[in-house]
Novice: 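The following block contains the structure, expressed as structure tokens.
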Amino acid sequence: MNQSPAAVAEHGARRDAVTAAYTQRWGAGPAGVWDAPGRVNLIGEHTDYNDGFVMPFALTRSAMVAAARRDDGRIVVTSLDLDETVETSVDDLVPFDAPGAAARVWADYLTGCVWALREAGHQVGGVNLVLECSVPIGAGLSSSAALECATVAALVDLYGLDIDPMERAVLARRCENAYVGAPTGLLDQAASTLCTLGHTLFMDCRSLETQQVPMDFASVGLEMLVLDTMTPHSHVDGEYSSRRATCEKAAGLLGVPALRDVDDLAAALATLAPHGDELVKRTRHVVTENHRVLEAIDLARAGRVADLGPLLDASHASMRDDFEITVPTVDLAVETARAHGALGARMTGGGFGGCIIALVPEGTADRVGQAIAKAFAGAGFGAPKWFSAVPSAGARRIA
Ligand code: GLA
């Protein structure tokens, strides 16, 4: 499966624009351009930090960085989207929780990668980075991981480091967790780094084993609608970390290392019941979601993509009723997609807004998007945005 000619042309135009902007800014061309995608998670939500299973694929929307080394230890990051430049030096990088650390800003997702690599003992110094990002921010499509993974890819090549793809993802996550201060799992960075064109990635978040499973919606007469409800979310907020803490508490009460280890769900829920409904519901979501991912990956391996629909629906219901991370815009989008022919639909990403995905018959994504826009207008919500997604390539050097 290939990208459409239009997608290839658009990607090339973005690469040329970021290269030209670098050259204009610095008076000489960059040493290279690196690209890392956003992702949608097909299924497996809030399972990653419970040592469970996930199944994302990469988008064509990506972060691109044109970059070159500098030998004075300075780090100069320019965002073309924001028309802003942030300048610091390798000696001034401090994690979010260091005494006197400044409030985090967009550039920390890039500078924090320099910090993470250095902290892991890699010889990395200064760098110029000119960034352009087509992944919408705060939409649950992992714009932050795209920034991180593009930066890590650039630094690895610029400094001649030998770091395998999974370790790159781990270092990018370290930037997000320890430098930026968002306590996320490995899903997003693994997706952005390891996904390959035409595949969905199956990952066991405990063993870090991965498998590329071919996924071609068009070949079975389908299309994957990604609709941004335009309800922004943020992982640095308390809800994400509170879900995570509740899961860890439940695992502790059950005497298992992580909720991934729950074999007998009914018995586990009975044990948790005296400790409150919240622990019961959160645990039920994680355990059933892991089961759904395993079912989904079997279906995908068998090429039965249309049969994923009911699993997407069940995942959404579980996020809405048990994990309680959906919001009215997201629920309305999912219901409307189903009412207009989607085989299944669910929120994707961390929750509290962001995007939904809907598996729809080929050629109908736009019609379903319009129907959701109409439903949103009727409910007094703002206009959504949407596109059709095909599994795309992970982080790589593109020039
Ligand atoms: C965010 C986090 C991921 C993962 C998802 C929920 O995207 O960054 O690590 O926990 O939420 O599945």
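In each ligand, atom 1 is the first atom listed, and ligand 1 is the first ligand listed.
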Novice: At a 4.0 Å threshold, what atoms of ligand 1 neighbour a non-hydrogen atom of Tyr240?
Specialist: 1 (C), 2 (C), 3 (C), 4 (C), 9 (O), 10 (O), 11 (O)

Novice: According to salt bridge (Lys or Arg N to Asp or Glu O under 4.0 Å), does anything in residues 98-126 pair up with another residue at least two apart or in another chain? List the pairs.
Specialist: Arg104-Asp108, Glu119-Arg174

Novice: Would you say Arg61 and Ser143 are linked by a side-chain donor-acceptor pair, where the criterion is simply a distance under 3.5 Å?
Specialist: no

Novice: For atom 5 (C) of ligand 1, which candidate among Ile325, Leu187, Ile43 holds the nearest heavy atom?
Specialist: Leu187

Novice: Does any N or O atom in Asp188 lie less than 3.5 angstrom from one in ligand 1, N or O only?
Specialist: yes

Novice: Should Phe57 and Phe202 be marked as a ring-ring contact (aromatic ring centres under 6.0 Å, His included) after you check the CA-CA gap, both sets of side-chain angles, and the distance that decides it?
Specialist: CA-CA 9 Å; Phe57 67 81; Phe202 171 63; over 10 Å; no

Novice: Should you measure from each heavy atom of Tyr49, which atoms of ligand 1 turn up under 4.0 Å away?
Specialist: 10 (O)

Novice: Do any nitrogen or oxygen atoms of Ser142 come within less than 3.5 Å of a nitrogen or oxygen of ligand 1?
Specialist: no

Novice: Taking only distance into account, with no hydrogens and no angle test, what donor-acceptor pairs under 3.5 Å do side-chain atoms of residues 356-374 form with protein atoms, sequence neighbours excluded?
Specialist:
from	atom 1	to	atom 2	distance (Å)
Thr364	OG1	Pro361	O	2.7
Asp366	OD1	Trp386	NE1	2.8

Novice: Taking Thr229 for the side chain and Val330 for the main chain, is one N or O donor matched with an acceptor at less than 3.5 Å?
Specialist: no

Novice: Given that the side chain starts at C-beta and the backbone is N, CA, C, O, which of these parts of Met319 lies under 4.0 Å from ligand 1, counting heavy atoms, or is it both or neither?
Specialist: neither

Novice: Would you mind finding which of His46, Arg39, Glu176, Arg173 brings a heavy atom closest to atom 12 (O) of ligand 1?
Specialist: His46

Novice: Just checking His122 against Tyr159, ring centres under 6.0 Å apart?
Specialist: no

Novice: Hey, are Asp331 and His316 close enough side-chain-wise for a donor-acceptor pair under 3.5 Å?
Specialist: yes

Novice: So is there a nitrogen or oxygen of Gly185 less than 3.5 Å from a nitrogen or oxygen in ligand 1?
Specialist: yes

Novice: May I ask you to check whether Asp48 has an N/O atom sitting below 3.5 Å from an N/O atom of ligand 1?
Specialist: yes

